Amino acid sequence: MIQDKLENQIHNVIMETTREPKLIVMHPQTWIDLVKEVTGKDGMAINKYEQNMKYRGIKVLRSLDLLEGEFEM
């Protein structure tokens, strides 16, 4: 599950830095898969109608430099 992996990575960043990340970078296909996974399950995590891509209020950038399923913060 992409959302579980992302939540775990966010939690690890918070534990290391005592702050939420300001930016999440992911592959474009990972974003599409995450939106599909979250829609209907956890509607608060992603507002798919907002033009600025955000996950739980954290800005999301898409990059082809990362493999599908990987995240950088």
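These figures come from a predicted structure and were not determined experimentally.
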Asks: Distance from Ile2 atom CD1 to Lys36 atom NZ, nearest 0.5 Å?
Replies: 9.5 Å
Asks: Is Leu66 linked to Leu61 within one hydrophobic cluster, defined over Ile, Leu, Val, Met, Phe, Trp and Tyr using a side-chain heavy-atom separation of less than 4.5 Å?
Replies: yes
Asks: Distance-only check: which donor-acceptor pairs under 3.5 Å involve side-chain atoms of residues 9-16, not counting sequence neighbours?
Replies:
from: Gln9; atom 1: NE2; to: Phe71; atom 2: O; distance (Å): 2.9
from: Asn12; atom 1: ND2; to: Asn8; atom 2: O; distance (Å): 3.4

Asks: Distance from Met73 atom CE to Ile58 atom CD1, nearest 0.5 Å?
Replies: 7.0 Å
Asks: Going from CD on Glu70 to CG on Leu6, what distance comes out if it is rounded to the nearest 0.5 angstrom?
Replies: 13.0 Å
Asks: If you look only at distance, which donor and acceptor atoms sit under 3.5 Å apart when one is on a side chain in residues 18-32 and the other is two or more places apart or in another chain?
Replies:
from: Glu20; atom 1: OE2; to: Arg56; atom 2: NH2; distance (Å): 2.9
from: His27; atom 1: ND1; to: Gln29; atom 2: N; distance (Å): 3.0
from: Gln29; atom 1: NE2; to: Asp33; atom 2: OD1; distance (Å): 2.9
from: Thr30; atom 1: OG1; to: Gly69; atom 2: N; distance (Å): 2.7

Asks: Which is it for Met53 and Lys59 under the side-chain contact (heavy atoms from CB on, under 4.5 Å) test, yes or no, and what are the steps along the way?
Replies: CA-CA 6 Å; Met53 294 181 301; Lys59 186 174 182 170; over 6 Å; no
